[in-house]
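Letters A, B, ... are given to chains in the order of the sequence lines, protein chains preceding strands, and every chain is numbered from 1. This one's a predicted model, so the numbers in the text were calculated from it and none came from an experiment.
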There are 2 protein chains.
Amino acid sequence: MTKTTVTKDRRRAAEEIVNSVRLLQGVAQKQSREFVRQHKITGQQLGALRMVALSPGVSLGDLSERMFLHISSVSGIIDRLEKRGYVTRDRNGGDRRVVHLNVTEQGRRVIRRTPLAGMGLLIHTVHKLPDRQLRDILTGLKLILRVMKLDGGDARNG
Amino acid sequence: MTKTTVTKDRRRAAEEIVNSVRLLQGVAQKQSREFVRQHKITGQQLGALRMVALSPGVSLGDLSERMFLHISSVSGIIDRLEKRGYVTRDRNGGDRRVVHLNVTEQGRRVIRRTPLAGMGLLIHTVHKLPDRQLRDILTGLKLILRVMKLDGGDARNG
DNA sequence: TCACAATATTTTGTATACAAAGTATTATAT
DNA sequence: ATATAATACTTTGTATACAAAATATTGTGA
């Protein structure tokens, strides 16, 4: 095999990778929108609702850590859930700075009748894969992660 | 090896995958914010600016297709670039519905002095990987993609 | 106790993303 | 020629995400 051929293969592979990442983002977004249309609730809102259901009385700060999101983001998500009557905010614990979250009966109904979305769905899906595929995916992801971390700082040239 | 051990390995791998995806999102977002802090322009704005620079006079619709974004999203991004004096909108072509975009001298300066970000950076990075890693990443990505597409519709159970 | 630091949330401002509605312009059908 | 359809874009409304500033409450040191 000539050097030129190898170079071409590399280029093609690199382009496919970048394209796959784009596709991945696109697919995820499209499915998210479809989910919203069907179930009248967003994936993030449902994820928050489920987490509150699993930890009644959880604080906003704790919830934000579990969701890997900024507190102010979660505050907004809870706003919308509260407005729709799915969760309640209580400030009657010992520390009155803390907001305690709870799911209403209506919120519980939503959880019962709505399938998984986002990360929850990914976990569900991934669990069903055969070993060989699990390993391949994991290897690839870790490589991307390492590469992104290393190269995040700089990379001159336009 | 017992069946139990295999099951444990599978569970661990699945959890690692999901966690990696989360980390990937986190790393990408964190780097994006850091980039904005350092260069006073967002990755999307810079990406759009570069694309316009490569295709002077491009229409908004064409640009949105190349960026895999909705026209209204790109319209907003161009708004901000225009406000900062980096691009111009012209409606003086034959068809006056069409907006033609161009980069100003000031915009060109920004491109020159700002390193790659987002997808551009990813392409740059991926090109430098050894063959074996390219293949692993690609295999993993394609699997995830296929799985997500298939399982996107439904997946009952809370 | 009282000023001041620390903590937990909320609010405000910016950017992104999309859909749907609105506007302007061009093409088409009768 | 003129109503109507199609096209290109802008505007508006909703959701997400973060940072920074503001608010309220609790803890601490002197």
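- When the P atom of C:dA8 is taken as reference, atom CG of A:L101 falls 14 Å away, rounded to whole Å.
- Sorted by first and then second residue, the salt bridge (charged side-chain N to carboxylate O under 4.0 Å, His left out) pairs with a member in residues 72-87 of chain B read B:D79-B:R89, B:E82-B:R89; sequence neighbours excluded.
- A:S72 pairs by the side chain to side chain donor-acceptor pair (under 3.5 Å) definition with A:H70, not counting sequence neighbours.
- The separation between A:N92 atom CG and D:dT26 atom P is 12 Å, rounded to whole Å.
- Computed from coordinates, the A:E34 CD to D:dA15 P distance equals 18 Å when rounded to whole Å.
- Applying the salt bridge (charged side-chain N to carboxylate O under 4.0 Å, His left out) rule to pairs touching residues 54-72 of chain B yields nothing, sequence neighbours excluded.
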**OP:** Encode nucleotides 9-14 of chain C as B, S and - characters from 5' to 3', where the letter depends on protein heavy atoms closer than 4.0 Å: B to the base, S only to sugar-phosphate, - to neither.
**Re:** BBB---

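- Rounded to whole Å, atom C1' of D:dT16 lies 18 Å from atom CZ of A:F68.
- Rounded to an integer number of Å, the gap from A:E65 CD to C:dT7 P is 13 Å.
- Comparing A:G94 and A:L69, the nucleotide of DNA chain D nearest to each residue sits closer to the 5' end for A:L69.
- Residue B:S73 is classed as a base contact, given a heavy-atom separation below 4.0 Å to a base.
- Look at CE on B:M67: it is 13 Å from C1' on C:dA15, rounded to the nearest Å.
- Atom CG of residue B:L60 and atom CD1 of residue B:I77 lie 10.0 Å apart, to the nearest 0.5 angstrom.
- For the pair A:I78 CD1 and C:dA8 C1', the interatomic distance rounds to 14 Å; values are reported in whole Å.
- The side chain to side chain donor-acceptor pair (under 3.5 Å) analysis of residues 99-110 of chain A, with sequence neighbours excluded, yields the pairs A:E105-A:R112.
- Every side chain to side chain donor-acceptor pair (under 3.5 Å) that A:D95 has, sequence neighbours left out, goes to A:R97.
- Among the atoms of the strands shown, none is found under 4.0 Å from any heavy atom of A:G93.
- The side chain of A:R33 contributes an N or O atom lying less than 4.0 Å from OP1 or OP2 of C:dA19.
- The CG-C1' distance, from A:L46 to D:dA15, rounds to 15 Å in whole Å.
- The backbone N or O of B:V110 lies less than 3.5 Å from a partner atom in the side chain of B:T114, making a donor-acceptor pair.
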